[in-house]
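We count residues from 1, following the sequence as given.
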Amino acid sequence: MAFLMKSMLSNQVKNLGLGGGGDENKEESTPSDPAAAAGMTREEYEEYQKQMVEEKMERDAAFAQKKAERACLRVHLREKYRLPKSELDENQIQMAGDDVGLPEDLQKMVAEDQEEEEDKDSILGQLQNIQNMDMDAIKEKAQATFTEIKQAAEQKCSVM
């Protein structure tokens, strides 16, 4: 019974315009033009949109450049350690263009690593490695290997 009374009274009140007419006013108060909603003129809004698009393009270009630099570094490391190549890295480098290289700080690190490797590969580097070796351990290992070979030969050869 209360439901019936409530629905009848609310319909009558809406018809009088006291409570139900607010929906129509909301539609009229919201502007359909986005420039007016932002509080700008049409020209200002268009200029703002152009700036936003340009800034996004600049950010995307910088991001692509950074991705290409990282891919270049990965390619360099794969070549150095003889790992398989990645097509994804090569595609990123191609998309960024030919001006992609390692950043300066990474180039310095790579140059230092190459110098260290060249020093180790040189004759002087090998001589330094010989000085650092444990000669007793090498002598013991050689004697053990010689003994194993001698025993294997004795088992196979009837003359010895």
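Note that the CD atom of Q49 and the CD atom of E46 stand 9.0 Å from one another [nearest 0.5 Å]. In this structure, CZ in R70 is found 11.0 Å from CD in Q65, a value given to the nearest 0.5 Å. Here the CZ-NZ distance, from F63 to K67, works out to 5.0 Å after rounding to the nearest 0.5 Å.
E47 has its side chain out of reach of E43: every pair of non-hydrogen atoms, C-beta onward, lies at least 4.5 Å apart. Proximity of E69 to K66: side-chain heavy atoms (C-beta onward) are separated by under 4.5 Å at one or more points.
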Could you pull out every donor-acceptor pair under 3.5 Å between side chains of residues 79-93 and any protein atom, sequence neighbours left out?
unit_1: K80; atom_1: NZ; unit_2: E117; atom_2: OE2; d: 3.4
unit_1: S86; atom_1: OG; unit_2: L88; atom_2: N; d: 3.4
unit_1: D89; atom_1: OD1; unit_2: R74; atom_2: NE; d: 3.0
unit_1: D89; atom_1: OD1; unit_2: R74; atom_2: NH2; d: 2.8
unit_1: D89; atom_1: OD2; unit_2: R74; atom_2: NE; d: 3.2
unit_1: D89; atom_1: OD2; unit_2: R78; atom_2: NH1; d: 2.3
unit_1: N91; atom_1: ND2; unit_2: E87; atom_2: O; d: 3.3
unit_1: Q92; atom_1: OE1; unit_2: R74; atom_2: NH2; d: 3.4

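In this structure, Y48 shares a hydrophobic cluster with M40, Y45, M52, the cluster being traced through Ile, Leu, Val, Met, Phe, Trp and Tyr side chains under 4.5 angstrom apart.
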